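What follows is one structure encoded as structure tokens, with my remarks underneath.
Remember, it's a predicted structure, so these values are computed and weren't measured experimentally.
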Amino acid sequence: MSLPIIGIPCCRWKLESGHFYHLVGEKYIAAVVGAGGLPLLIPALGSIHAEHILAQVDGLLFTGSQSNIEPHHYGSPTLAEDFNDAERDATTLPLMRAAIAAGIPVLGLCRGAQEMNVAFGGTLHQQIQTLPNMLDHREPDGDIATMYGPAHEITLTPDGLLRQLYGHDRAWVNSLHQQGVKQLAAGLISEATAPDGLIEAFRLADTAAFNLAVQWHPEWQFQDNPLSIAIFNAFGAACLAHYQQRIQG
Ligand SMILES: N[C@@H](CCC(=O)NCCCC(=O)O)C(=O)O
């Protein structure tokens with residue numbers, strides 16, 4: 001049986017050997033498989049192949065990453081301590097816009113969510129933990145289970161897509177980021193907020209296909225979390241519908 005093809009854009013990192021690698025964390029690949037998709041890793045080559053990629057995928061998953069989006073993309077200065085990935089930005093930002101325009105289902109997670117906001121003209125807080133009256137959204141110290149454990153509650157927007165998919169008003173989510181939505185791009189609508197008011201989930205309204213961006217990590221042990229299952233089931237169903245249309249020509 002053929003499966004919907006779900007593209008996952010890579011990070012481009014220099015590893016200890018001194019060579020550059022194009023990378024995707026395994027938990028994102030596992031979540032795509034769990035959503036019923038065939039993962040296709042997309043190297044960070046910029047926008048040169050975007051049109052060909054879009055012709056061959058039924059969905060795109062934009063992953064989290066320790067790297068940040070280069071701040072010039074949203075009109076802010078680079079900080080001395082920034083770890084950026086210009087090649088990933090050059091790949092994901094145009095691909096995100098083109099995928100939405102082409103009606104391809106999109107799911108953005110953490111950095112991937114930030115990419116959706118920036119791709120459509122929004123801005124980011126660069127270090128939320130330095131802002132007054134805001135939570136520290138960075139991961140707690142500890143082992144990996146502690147880092148990805150529930151960190152704070154979110155409130156889902158009444159009548160929002162996420163509220164509809166999940167069926168509850170509130171949920172606990174993990175939190176492993178220091179950047180986040182400052183100004184939501186025009187056309188994007190909030191789907192959930194943290195107790196400090198930070199927008200934790202959003203989507204582009206009035207699009208043909210499914211799209212959703214969440215600031216937390218539903219891919220982490222997704223099979224054990226009802227909210228994560230709801231997100232990946234909806235994304236997987238949208239990718240399957242796209243695949244069925246694509247093979248019918
Ligand atoms: N660098 C950005 C985005 C944070 C993010 O995506 N973290 C992911 C951690 C690794 C992973 O689980 O893939 C920020 O700091 O806001």
[Y] backbone acceptor or donor facing [X] side chain under 3.5 Å:
X	Y	result
R97	A119	yes
S175	R138	no
D85	R12	yes
H22	A44	yes
D89	I69	no
D196	L198	yes
Q126	Q178	no
R203	S190	no
E115	T92	no
D58	I5	yes

Do the side chains of [Y] and [X] get nearer than 4.5 Å, heavy atoms only?
X	Y	answer
M96	F62	yes
P39	Y28	no
R88	C10	no
I247	S2	no
Q179	N68	yes
I154	T193	no
L135	I128	no
L40	I8	no

- [ ] With Q114 as reference, evaluate L109, L124, V181 under the side-chain contact (heavy atoms from CB on, under 4.5 Å) test and give the passing residue.
- [x] L124

Separation between [atom1] of [X] and [atom2] of [Y], rounded to the nearest 0.5 Å:
X	Y	atom1	atom2	answer
L23	L15	CG	CG	5.5 Å
I42	T91	CD1	OG1	9.0 Å
F235	F210	CZ	CZ	7.0 Å
F202	F120	CZ	CZ	10.5 Å
I6	I29	CD1	CD1	12.0 Å

Would you find more than 12 non-hydrogen atoms of other residues, nucleotides or ligands less than 6.0 Å from [X] atom [atom1]?
X	atom1	result
E51	CD	no
D141	CG	no
K182	NZ	no
Q245	CD	no
D159	CG	no
E26	CD	no
Q66	CD	no

Search all heavy atoms of [X] against all heavy atoms of [Y] and return the closest pair with its distance.
X	Y	value
P4	G36	CD-O, 3.5 Å
N84	E70	CB-CG, 3.7 Å
L176	C110	O-SG, 4.1 Å
L60	L95	CD1-CG, 3.9 Å
N211	L204	OD1-N, 2.8 Å
L38	V32	C-CG1, 4.4 Å

- [ ] Starting from the C-alpha separation in whole Å, work towards a yes-or-no answer on side chain to side chain contact (heavy atoms under 4.5 Å, CB included) for T78 and H72.
- [x] CA-CA 7 Å; T78 298; H72 70 81; 5.9 Å; no

Task: side chain to side chain contact (heavy atoms under 4.5 Å, CB included) between F222 and F232, worked out - done: CA-CA 8 Å; F222 66 93; F232 283 107; 4.0 Å; yes

Open item on the list: Tell me which pairs pass ring-ring contact (aromatic ring centres under 6.0 Å, His included) where either residue lies in residues 134-177, with sequence neighbours left out.
Closed with: H137-H152, H137-H177, Y148-H217, Y148-W220, Y166-H168

Open item on the list: Distance alone, cut at 3.5 Å: any donor-acceptor contact between the side chains of S67 and R111?
Closed with: yes

Task: Partners passing ring-ring contact (aromatic ring centres under 6.0 Å, His included) against H73 (at least two apart in sequence or in another chain) - done: none

Open item on the list: Let's go through V173 and L227 carefully: what are the C-alpha distance in whole Å and the side-chain angles of both, what is the deciding distance for side chain to side chain contact (heavy atoms under 4.5 Å, CB included) to 0.1 Å, and is it a yes or a no?
Closed with: CA-CA 9 Å; V173 296; L227 176 58; 4.3 Å; yes

For [X], which residues count as a side-chain contact (heavy atoms from CB on, under 4.5 Å) partner, sequence neighbours excluded?
X	answer
A201	L162, E191, A192, V214, W216
D169	R163
T130	Q127
S47	P94

Is it possible for you to say whether [X] and [Y] belong to one hydrophobic cluster, with membership spreading through side-chain heavy-atom contacts below 4.5 Å?
X	Y	answer
I53	L3	yes
I100	V57	yes
L165	L156	yes
I104	M116	yes

